[in-house]
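Quick notes on the structure that follows.
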Amino acid sequence: MTLATRDKLTAVSAFVAGDFSALAAAFAAAGCQVDEPAPGTLQLQRGASGPNVLLSVGIHGDETAPIELVAQLLAELALTPQELGVNLLLVVGNIDAIRQSRRFIDADLNRLFRPDRGALAATAEAARADAIMAATTAFFDSAAGACWHLDLHTAIRASVYPTFAILPASIAAAQQRALTSLLGHAGIAAVIINPTSAGTFSAFTAEQCGATSSTVELGRVSALGANDVSVFAAASRTLSALLRGDVLVHPAMPAPLVFEVVQEIIKHSEAFRMHFDGATQNFTAMQRGDVIATDGEVVYRVGHDEELVVFPNPSVRIGLRAGLMVVRSPDLPES
């Protein structure tokens with residue numbers, strides 16, 4: 001094992017343990033104000049002004065590629081900590097689930113960034129969401145400059161577009177364009193404009209904190225240590241530039257394709273059935289009139305000439321989103 005490989009493994013192991021002591025020491029020595037506002041969070045404050053960036057990974061414990069990617073980026077930046085060009089909040093989401101190689105402990109954390117949690121209010125993930133929201137709100141409340149949030153994930157299923165992102169529709173048009181350009185530089189092939197939040201972390205930061213936010217899907221779920229992060233070289237370069245204060249908002253080529261959500265598929269009962277199998281990829285096209293899913297007497301059908309299915313998951317809890325249907329959008333709005 002080479003020294004570089006051993007250093008990378010050490011950085012990833014520290015992230016999984018929520019141990020930021022080495023990073024904290026390096027950035028403190030460079031003059032940053034360093035805080036850990038909650039377990040699994042690290043805040044690096046370089047000044048009152050300037051861009052403010054929230055990077056989150058591990059909101060789902062089995063989505064490990066972003067953990068490895070960001071751990072390596074921060075370890076490299078810590079070698080020259082004076083190059084940090086933003087105020088940074090790092091969030092490693094569901095630490096207990098990451099340690100157990102599970103998606104979650106009691107409930108999907110990325111459905112709990114909202115006040116109304118119903119039967120999930122007493123779950124471990126609800127308490128974790130509260131801690132993360134408190135740290136996030138305090139971070140952005142103190143921000144004087146632009147605010148960015150990239151919530152990095154990997155998808156359960158294969159995808160026609162292996163890298164894609166979801167942007168909350170509440171983000172202003174100019175911010176949507178800037179973020180889409182940034183994502184294009186990161187190698188993201190498609191973006192989805194979503195009008196509903198579903199309790200996701202990126203929707204919370206967009207709606208409650210005014211951040212330019214996105215959920216970013218980088219490939220597929222894999223075991224920790226089994227990821228080839230070199231396939232995300234464009235994302236790595238872009239995140240590295242972002243952390244150094246260059247948000248790369250000049251147009252990217254090729255620009256991501258833009259889609260908009262036209263249907264949310266909600267699971268209302270245990271009778272819910274999707275009308276395709278587990279091998280169906282994200283962005284698989286369906287035609288007008290095709291049955292998407294049935295739920296007792298409720299029948300979900302394609303209402304446009306063509307709709308594409310994203311995040312189909314019939315195993316979600318009752319009351320949660322089991323999939324999205326999207327259509328191509330001609331372009332992002334000008335205002």
Side-chain angles (χ1 to χ4, degrees), residues 59-63 93-94 97 100-129 151 153-161 164 166 168-169 190 192-204 215 217 220-221 259-328:
I59 296 297
H60 293 132
D62 59 347
E63 297 179 359
N94 201 334
Q100 298 179 42
S101 301
R102 296 170 59 182
R103 189 168 182 79
F104 53 77
I105 302 300
D106 296 326
D108 187 339
L109 177 58
N110 211 30
R111 296 294 179 268
L112 295 173
F113 292 94
R114 55 184 174 182
D116 180 15
R117 293 160 174 168
L120 303 180
T123 60
E125 277 78 9
R128 182 62 179 154
D151 184 28
H153 288 253
T154 56
I156 297 173
R157 292 175 181 247
S159 180
V160 174
Y161 307 107
F164 61 97
I166 301 89
I192 300 169
I193 309 300
N194 189 9
T196 56
S197 73
T200 65
F201 192 15
S202 63
F204 167 79
T215 301
E217 303 286 344
R220 293 189 67 183
V221 165
F259 297 83
E260 59 183 315
V261 175
V262 291
Q263 288 195 68
E264 267 200 323
I265 310 302
I266 305 298
K267 179 177 179 177
H268 294 290
S269 75
E270 293 298 347
F272 182 87
R273 298 290 183 274
M274 282 189 149
H275 281 230
F276 39 79
D277 62 27
T280 300
Q281 296 188 7
N282 286 316
F283 294 95
T284 293
M286 302 181 71
Q287 308 307 312
R288 183 185 294 274
D290 286 352
V291 175
I292 304 162
T294 57
D295 198 346
E297 295 182 356
V298 176
V299 179
Y300 293 98
R301 293 183 183 273
V302 175
H304 295 75
D305 288 342
E306 181 180 84
E307 296 178 12
L308 292 76
V309 60
V310 182
F311 297 138
N313 184 3
S315 300
V316 299
R317 291 175 183 260
I318 292 172
L320 296 184
R321 184 182 74 195
L324 296 174
M325 302 302 295
V326 305
V327 298
R328 274 292 308 273

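One distance of note links CG of Leu320 with NE2 of His268; it measures 11.0 Å at 0.5 Å rounding. Atom CG in Leu308 sits 10.0 Å away from atom OG in Ser159 (nearest 0.5 Å). Atom CE in Met286 sits 5.5 Å away from atom CZ in Phe276 (nearest 0.5 Å). If you take CD1 on Ile192 and CD1 on Ile166, they are separated by 5.0 Å, rounding to the nearest 0.5 Å. Put simply, CZ on Arg111 and OG1 on Thr123 are 13.5 Å apart, with the number rounded to the nearest 0.5 Å.
Looking only at side-chain heavy atoms (C-beta outward), His275 and Thr294 come within less than 4.5 Å of each other. In this structure, the side chains of Leu112 and Arg128 stay at 4.5 Å or more apart for every pair of heavy atoms. The shortest distance between side-chain heavy atoms of Ile292 and Gln263 falls below 4.5 Å. At least one side-chain heavy atom of Pro312 sits less than 4.5 Å from a side-chain heavy atom of Asn282. Side-chain contact between Ile265 and Phe272 is present, with at least one heavy-atom pair separated by less than 4.5 Å. The shortest distance between side-chain heavy atoms of Ile318 and Glu270 falls below 4.5 Å. Within the 4.5 Å cutoff, the side chain of Val261 has no heavy atoms near those of the Ile193 side chain. Looking at Val291 and Val299, their side chains come closer than 4.5 Å, going by heavy atoms from C-beta outward.
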Report task. Report the C-alpha distance between His304 and Met325 in whole Å, list the side-chain angles of each, state the deciding distance to 0.1 Å, and finish with yes or no for side chain to side chain contact (heavy atoms under 4.5 Å, CB included). Result -> CA-CA 10 Å; His304 295 75; Met325 302 302 295; over 6 Å; no
Report task. Just do the salt bridge (charged side-chain N to carboxylate O under 4.0 Å, His left out) check on Arg328 and Glu260 with the steps written out, would you? Result -> CA-CA 6 Å; Arg328 274 292 308 273; Glu260 59 183 315; over 6 Å; no
Query raised in the report: Would Asp62 and Thr154 count as a side chain to side chain contact (heavy atoms under 4.5 Å, CB included) if you check the C-alpha gap in whole Å, the side-chain angles of each, and the deciding distance to 0.1 Å?
Result: CA-CA 9 Å; Asp62 59 347; Thr154 56; over 6 Å; no
Report task. Let me see the working for Val316 and Arg321 under side chain to side chain contact (heavy atoms under 4.5 Å, CB included), right down to the final yes or no. Result -> CA-CA 7 Å; Val316 299; Arg321 184 182 74 195; over 6 Å; no
Report task. Show your reasoning for whether side-chain hydrogen bond (donor to acceptor under 3.5 Å, both in side chains) applies to His60 and Asp108. Result -> CA-CA 7 Å; His60 293 132; Asp108 187 339; 2.7 Å; yes
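Within a 6.0 Å radius of CG in Asp116, other residues, nucleotides and ligands contribute 12 heavy atoms or fewer.
Looking at Asn194, its side chain never comes within 3.5 Å of a backbone N or O of Pro168 through a donor-acceptor pair. Without hydrogens or angle criteria, Arg102 side chain to Ile105 main chain gives a donor-acceptor distance under 3.5 Å. Checked by atom type and distance alone, the side chain of Arg157 pairs as donor or acceptor with a backbone atom of Thr280 at under 3.5 Å. Counting only distance, with no hydrogens or angles, the side chain of Lys267 and the backbone of Pro314 share a donor-acceptor pair below 3.5 Å. In terms of modelled atom types and a separation under 3.5 Å, the side chain of Tyr300 and the main chain of Ile266 share a donor-acceptor contact.
Taking every heavy atom of both residues into account, Leu109 and Gly93 meet most closely at CD2-C, 4.1 Å. Closest of all the heavy-atom pairs between Pro195 and Ala169 is CA-CB, 3.6 Å. Between Gly199 and Arg114 the shortest heavy-atom distance is CA-CD, 3.8 Å. Residue Ala203 comes nearest to Ser197 through the heavy atom pair CB-CB, 3.3 Å, listed as atom of the first residue, atom of the second, then distance.
Among residue pairs with one or both ends in residues 101-124, those qualifying as ring-ring contact (aromatic ring centres under 6.0 Å, His included) are Phe113-Phe201; sequence neighbours excluded. Residue pairs that meet the salt bridge (Lys or Arg N to Asp or Glu O under 4.0 Å) test with at least one member in residues 291-309, sequence neighbours left out, are Arg288-Asp305.
In this view, Phe164 and Phe283, Phe311 satisfy the ring-ring contact (aromatic ring centres under 6.0 Å, His included) rule, not counting sequence neighbours.
Between the side chains of Glu217 and His153, no donor-acceptor pair of N or O atoms lies under 3.5 Å.
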